[in-house]
Protein chains: 2
Amino acid sequence: MKTLSNETLDQVAVFLKSMAEPTRLRILRALHDEEKTVSQIMEETGAGQSNLSKHLAILTGAHVVRFRKNGTFTHYRIADPNITVILDTVCRSIADRIRQARTTLKEIERERR
Amino acid sequence: MKTLSNETLDQVAVFLKSMAEPTRLRILRALHDEEKTVSQIMEETGAGQSNLSKHLAILTGAHVVRFRKNGTFTHYRIADPNITVILDTVCRSIADRIRQARTTLKEIERERR
DNA sequence: TGCATATATGAAGATATAGTCATATACTCA
DNA sequence: TGAGTATATGACTATATCTTCATATATGCA
């Protein structure tokens with residue numbers, strides 16, 4: 001990262017921003033291992049149809065997901081395995097943090113007794 | 001990621017959002033391998049003092065950086081190696097993408113001649 | 001060809017956020 | 001103790017963004 005230009009960091013910001021929203025993260029969770037249609041993603045995320053469409057446009061623009069059309073259906077999928085690796089790395093890190101925070105809290109509570 | 005709750009994804013969003021801004025990425029680039037004072041970070045990033053202070057507060061709140069005080073100086077550093085791993089992974093991915101896009105463009109231009 | 005379904009887009013409103021300016025706070029030192 | 005320096009914070013403005021509602025577009029099928 002130290003060698004990256006400001007322009008490249010701007011692209012990194014766009015990329016990260018595309019995933020830095022709870023609704024879009026739910027979309028990516030739904031798409032984690034397989035492609036799905038807009039309707040399926042709606043069901044799994046609970047997002048409204050037009051809201052979902054806008055978020056999918058953002059993720060597509062950032063090359064996080066891509067799509068193919070089949071009749072009236074549009075099938076979305078994670079754009080490439082790199083994205084999945086990044087998502088898994090970040091999510092594991094945060095999940096570990098939360099778990100560790102809970103453990104610490106329990107230990108503090110135990111010490112009080 | 002598939003097993004994560006909505007609450008955890010909300011935390012992931014906060015974490016990603018904290019880094020999804022060009023100014024904060026410049027801060028993280030400055031801090032990549034070593035701790036630095038606010039003044040040093042100002043010099044390296046070009047950010048205004050109060051703007052920098054606010055961004056450092058966001059990064060601290062998201063546990064991306066942490067600090068120690070030494071007299072009037074506040075020394076900031078990346079909070080833990082996990083953060084560096086994530087940053088490097090994401091930056092490498094985007095840099096590769098940009099490099100690949102440039103290569104493709106050159107090949108297209110060669111074919112036109 | 002018209003209806004039904006799936007999806008994309010424009011407009012509007014509410015909320016979030018980045019940067020600047022001014023000021024407050026903390027610390028050091030002569 | 002006051003001046004100087006480093007840093008944090010409040011207030012304000014402009015811009016970005018999320019969600020909803022209404023509507024447009026694309027496709028398939030009877």
Side-chain angles (χ1 to χ4, degrees), chain A residues 6-7 9-31 34-77 79, chain B residues 6-7 9-31 34-77 79:
Chain A
N6 280 350
E7 289 68 37
L9 288 187
D10 291 347
Q11 294 303 311
V12 173
V14 169
F15 174 76
L16 289 171
K17 190 167 285 184
S18 74
M19 305 192 292
E21 231 289 315
T23 304
R24 291 199 286 279
L25 285 172
R26 288 176 182 77
I27 294 168
L28 295 174
R29 180 177 59 186
L31 295 178
E34 54 202 342
E35 77 171 6
K36 286 190 172 103
T37 65
V38 172
S39 304
Q40 290 173 316
I41 302 170
M42 264 180 72
E43 275 196 41
E44 293 193 31
T45 60
Q49 181 271 311
S50 87
N51 190 27
L52 178 59
S53 228
K54 288 179 195 298
H55 282 301
L56 284 167
I58 292 170
L59 288 169
T60 305
H63 304 290
V64 173
V65 305
R66 62 185 167 84
F67 65 86
R68 67 178 176 90
K69 300 212 181 196
N70 178 20
T72 51
F73 294 99
T74 310
H75 300 255
Y76 283 90
R77 66 186 301 123
Chain B
N6 280 351
E7 289 68 35
L9 289 187
D10 290 347
Q11 292 304 311
V12 173
V14 168
F15 174 75
L16 289 172
K17 190 166 287 184
S18 75
M19 304 192 292
E21 233 288 316
T23 304
R24 292 200 286 279
L25 284 172
R26 289 176 180 80
I27 294 168
L28 295 175
R29 179 178 60 186
L31 295 178
E34 56 201 340
E35 77 171 8
K36 287 191 171 101
T37 65
V38 174
S39 304
Q40 289 172 316
I41 302 170
M42 265 181 69
E43 275 196 42
E44 292 193 33
T45 60
Q49 181 271 311
S50 86
N51 189 29
L52 179 60
S53 228
K54 289 182 196 297
H55 284 300
L56 284 166
I58 292 170
L59 289 169
T60 305
H63 304 291
V64 173
V65 305
R66 59 185 170 86
F67 64 87
R68 67 179 174 88
K69 301 210 180 199
N70 178 18
T72 51
F73 294 98
T74 310
H75 299 255
Y76 283 89
R77 66 186 301 124

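Naming: A, B, ... by sequence-line order, numbering from 1 per chain.
Residue B/Leu31 comes nearest to B/Tyr76 through the heavy atom pair CD2-O, 3.5 Å, listed as atom of the first residue, atom of the second, then distance. Taking each heavy atom of A/Ser18 and A/Leu59 in turn, the nearest pair found is O-CD2, 3.4 Å.
Nearest-nucleotide assignment on DNA chain C puts the 5′-proximal partner with A/Phe73, out of A/Phe73 and B/Thr23. Comparing A/Thr72 and A/Arg24 against DNA chain D, the residue whose closest nucleotide sits nearer the 5' end is A/Arg24.
If you take NZ of A/Lys36 and P of C/dT7, they are 14 Å apart, rounded to a whole angstrom. When rounded to the nearest whole Å, the span between CD of A/Glu21 and P of C/dT15 equals 15 Å. Following rounding to the nearest Å, A/Lys17 (NZ) and C/dA16 (C1') show an atom-to-atom distance of 11 Å. Taking atom CG on A/Leu59 and atom C1' on D/dC18, their separation rounds to 14 Å, with Å as the unit. Residue A/Arg68 contributes atom CZ, which lies 15 Å from atom C1' of D/dT27 at whole-angstrom precision.
Note that the CD1 atom of A/Ile41 and the CD atom of A/Gln49 stand 11.5 Å from one another [nearest 0.5 Å].
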Anything under 3.5 Å between a protein N or O and an N or O of nucleotides 8-12 of chain D, put it in a table, one pair a line.
{"residue": "D/dA8", "atom": "OP1", "partner": "B/Tyr76", "partner atom": "OH", "Å": "2.8"}
{"residue": "D/dA8", "atom": "OP2", "partner": "B/Ser53", "partner atom": "OG", "Å": "2.6"}
{"residue": "D/dA8", "atom": "N7", "partner": "B/Gln49", "partner atom": "NE2", "Å": "2.7"}
{"residue": "D/dA8", "atom": "N6", "partner": "B/Gln49", "partner atom": "OE1", "Å": "3.0"}
{"residue": "D/dG10", "atom": "N7", "partner": "B/Lys54", "partner atom": "NZ", "Å": "3.4"}
{"residue": "D/dG10", "atom": "O6", "partner": "B/Lys54", "partner atom": "NZ", "Å": "3.3"}

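At least one donor-acceptor pair under 3.5 Å links the side chain of B/Arg66 to the backbone N or O of B/Ala79. A donor-acceptor pair under 3.5 Å is absent between the side-chain atoms of B/Arg29 and the main chain of B/Thr45, judged by distance alone.
Here B/His55 reaches the OP1 or OP2 of C/dG19: one of its side-chain N or O atoms lies under 4.0 Å away.
Looking at heavy atoms from C-beta onward, A/Leu25 lies in side-chain contact with B/Leu16 at the 4.5 angstrom threshold.
Note on B/Ile41: nothing from the nucleic acid sits closer than 4.0 angstrom, heavy atoms only.
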